[in-house]
Each structure stands twice: as C-alpha cells, then as structure tokens.
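Report on the following structure.
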Amino acid sequence: MKKLSLLILLVFAVKLSAQEDRVITTAVPFLTIAADARSAGMGDIGVATSTDAFSQQWNPAKFAFAERKMGIGVSYTPYLESIITDISLLNASFFNKIDDQSAFAIGLRYFTLGEIELRQFANDPGTLAKPNELAFDGSYSLKLSPSFSMAVGGRYIRSNLKLPQNGSEDSQAASSFAVDVAGYYRSKEIAYDKFSGRLRAGFNLSNLGGKIVYDEGGQENFLPANLGFGVGFDFILDQDNVIGLTTEFNKLLVPTPKDFNEDGVIDSADNDEYQQIGFFSGITKSFGDAPDGFSEELKEFTWALGAEYTYQDAFMIRTGYFNESEEKGSRKFFTMGAGFKFKSAQIDLSYLFSTSQVKNPLENTLRFSLTFNLGEEFLND
C-alpha cells in the first residue's frame with residue numbers, strides 16, 4: 001500500500017456511498033463501523049440485543065444486566081480488503097460488575113490506514129506516513145429497577161489524518177471529547193402456552209461532543225452524534241433453544257447540508273454558513289432541517305433487522321439486514337454470522353453481502369471477535 005494515493009483518505013472523511021449533496025458526512029466515521037462480529041452478523045445492530053462484552057459501542061447500559069462478573073472482548077475488522085491489505089479496525093473492551101446493580105467498562109477502538117508513501121517528485125525517496133484514528137472510552141451503568149438500567153459514558157477521540165507537507169509544523173492530530181447517555185430494558189421471563197419469552201428495548205445517544213478541527217482556523221467537522229433505539233424479543237423454546245429477534249433504528253444528530261443562499265447549488269458559500277452551526281445547535285436542528293421536509297427527515301433514519309438462534313448457549317447462528325435511503329448513502333446489505341462457545345471463551349464470525357449498487361467497503365470480508373466471560377455468575381431474573 002506504500003504507493004497508495006491520498007484519495008484513500010477521502011474514504012474516511014466522507015461516506016463512500018455519498019452520491020448526493022445532501023448526504024450527511026462527519027469526521028471520524030470509524031466510530032459508526034460495527035466493531036464486533038456478533039453485531040455485524042445481525043445487520044449492524046446492538047442497542048437492544050442481549051448483553052455481551054462489546055456493549056460499550058452499542059449500549060453501555062446493558063452491562064448492568066451482565067451474567068458474569070467480568071468480560072473481555074477483542075475483535076479485528078479488515079477494511080477495503082478486496083483492494084488494500086493494511087487498513088483495519090481493531091477493538092478491545094473490558095467490563096466489570098461492581099455488584100448485582102452496577103458495572104463499569106472501558107473500550108479502545110483503533111483504526112489504521114496503514115502506510116502511505118509521500119513523494120514530491122518521481123525520484124524522491126519519499127517519506128512514510130501512518131494515518132490513524134482512535135477512541136478510548138469508559139462508562140458506568142446502574143440498574144434503576146429490576147428491569148431497567150441507564151449508563152453514562154465518556155470518550156476521547158484522536159484523529160491523526162493530517163499529512164505533513166514540506167515539513168510543515170501545522171500538521172497535527174485533531175482531538176475531541178464526547179459523551180454517551182443510554183438506557184436498557186429487559187423484562188423478566190414470561191411464560192406463554194408453548195414457549196417462554198423476554199422483551200428487550202434500548203436507546204443510546206452517542207458521540208455527543210464538540211467538533212474536530214485539523215488546522216487552526218480551518219474547517220470544523222461534526223462528530224457522528226447518533227440516536228439509536230430498538231426493541232427485541234427472545235423466544236425461549238426450551239432450555240436448549242432460543243431465538244432472538246431485534247429491530248433497530250438510527251439517525252445521525254448532524255445538520256443536513258442545504259442551499260442556504262437558494263442559488264440552486266450547495267457551494268462553498270453554503271458550506272461556510274454550515275460551518276457556523278454549533279454541535280449543540282446541530283443536534284436540535286437535525287430533527288427538522290431537511291430541505292424537503294418531513295419526508296426527507298424520515299429518509300435520514302436507517303433501519304435494521306437481526307436474528308440470532310442459540311443452541312445450548314454454545315452454538316449461535318445469526319443473520320440480518322441493514323437499509324439506508326438511496327438519497328442518504330444507499331448502504332443496503334445482508335449479513336450472516338456464527339458463534340462458538342467453549343467454557344468461558346467464545347469466537348464469533350460474520351460476513352456481509354451488499355445489495356446496493358454502491359459497493360460496500362466491508363463486502364466479502366470475514367470479521368472475527370473473541371470474548372472471555374470470567375468470574376462469578378449473576379442472576380438477573
């Protein structure tokens with residue numbers, strides 16, 4: 001990848017699927033990539049699924065319902081694997097239950113763009129740059145009732161995509177801080193005629209924080225602030241067989257680009273006015289600023305369906321579907337995955353099939369996760 005052009009950087013500055021002027025783009029979009037294979041196998045969902053070691057990204061409030069004292073998760077996601085070999089997302093997380101009512105967790109996501117060789121002219125020996133981004137976060141979750149918990153989280157974000165030019169000293173990493181506020185509901189097991197069941201629901205307001213600026217006086221870039229919410233139900237057929245179904249919705253809490261001066265195009269003048277919107281004002285505007293009104297606002301929601309079959313808490317099969325409006329990015333894909341558990345260790349795999357004309361950067365990519373659940377067991381019913 002040493003001869004990779006700088007165009008690769010644009011892949012991560014904007015959505016790959018951006019085809020329209022009103023597609024919402026943000027800085028550090030790696031925060032929106034499903035970092036674990038279990039969620040990736042169910043259509044990139046995780047806000048309302050059952051608790052696992054990777055809940056830090058999706059909904060940290062789930063940790064209060066963890067069934068083991070501690071959990072450790074690590075995952076690896078190759079990116080653009082069909083054309084490049086050294087771009088990837090690495091993820092590690094850890095949670096610890098303080099008692100039956102509360103838990104804390106930490107997580108680290110590291111996105112590397114590999115090595116890029118920079119040359120000024122053909123015979124220049126070149127210099128190597130290694131652009132990367134990372135997020136380090138922590139959270140605390142607490143049960144407010146036997147069936148409902150909430151969590152708060154904080155996140156430090158560092159984006160080192162700026163490439164040095166002629167030894168310029170203004171080349172530096174950009175950084176920001178963000179917070180999450182999440183809630184999770186899990187009902188007691190309910191007995192029906194031929195099976196038992198459990199209802200799940202959750203929400204997560206994530207990446208709420210100030211903009212990222214790469215240069216002094218330069219363009220300000222919104223973080224991918226997001227509202228995610230969903231519901232699910234576990235069909236407990238017997239002690240060995242469980243089927244979980246979940247649906248989730250997401251909306252970026254970022255203003256929609258628009259033609260502010262009404263000259264028929266979205267140009268630099270419009271971008272200058274767009275830059276004046278603060279992050280808090282941007283969140284409130286994001287629910288009602290689409291130029292085509294309510295119908296366009298609805299198109300800014302993505303939705304996903306996911307299913308997971310578990311046999312004897314040792315073998316899992318998963319599938320899912322993710323949908324985004326063609327006018328807002330056109331990400332559409334099916335996923336499938338599997339999990340295998342032996343004692344305290346579990347390995348998960350996932351695979352993605354794009355159904356959109358826009359090629360997905362994770363298409364034909366096998367993703368891996370490894371989880372360890374340790375310590376005493378907690379009964380949540």
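Everything numeric in this text was worked out from a predicted model, so none of it was measured.
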Just to verify, what does [X] make a side chain to side chain contact (heavy atoms under 4.5 Å, CB included) with, not counting sequence neighbours?
| X | value |
| --- | --- |
| E297 | K251, D289, A290, E300 |
| K299 | S325, E327, K328 |
| D313 | T310, K341 |
| I317 | F315 |

ring-ring contact (aromatic ring centres under 6.0 Å, His included) with [X]: which residues, sequence neighbours excluded?
| X | value |
| --- | --- |
| F148 | none |
| F334 | Y321 |
| Y140 | none |
| F301 | none |

Salt bridge (charged side-chain N to carboxylate O under 4.0 Å, His left out) with D44: which residues, sequence neighbours excluded?
->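 Partners of D44 by the salt bridge (charged side-chain N to carboxylate O under 4.0 Å, His left out) criterion come out as none, since no residue qualifies.
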Using a side-chain heavy atom cutoff under 4.5 Å and only I, L, V, M, F, W and Y, what cluster partners does [X] have?
| X | value |
| --- | --- |
| V47 | none |
| M316 | none |
| F63 | F95 |

Output for pair (T51 OG1, K62 NZ), nearest 0.5 Å, gives 6.0 Å
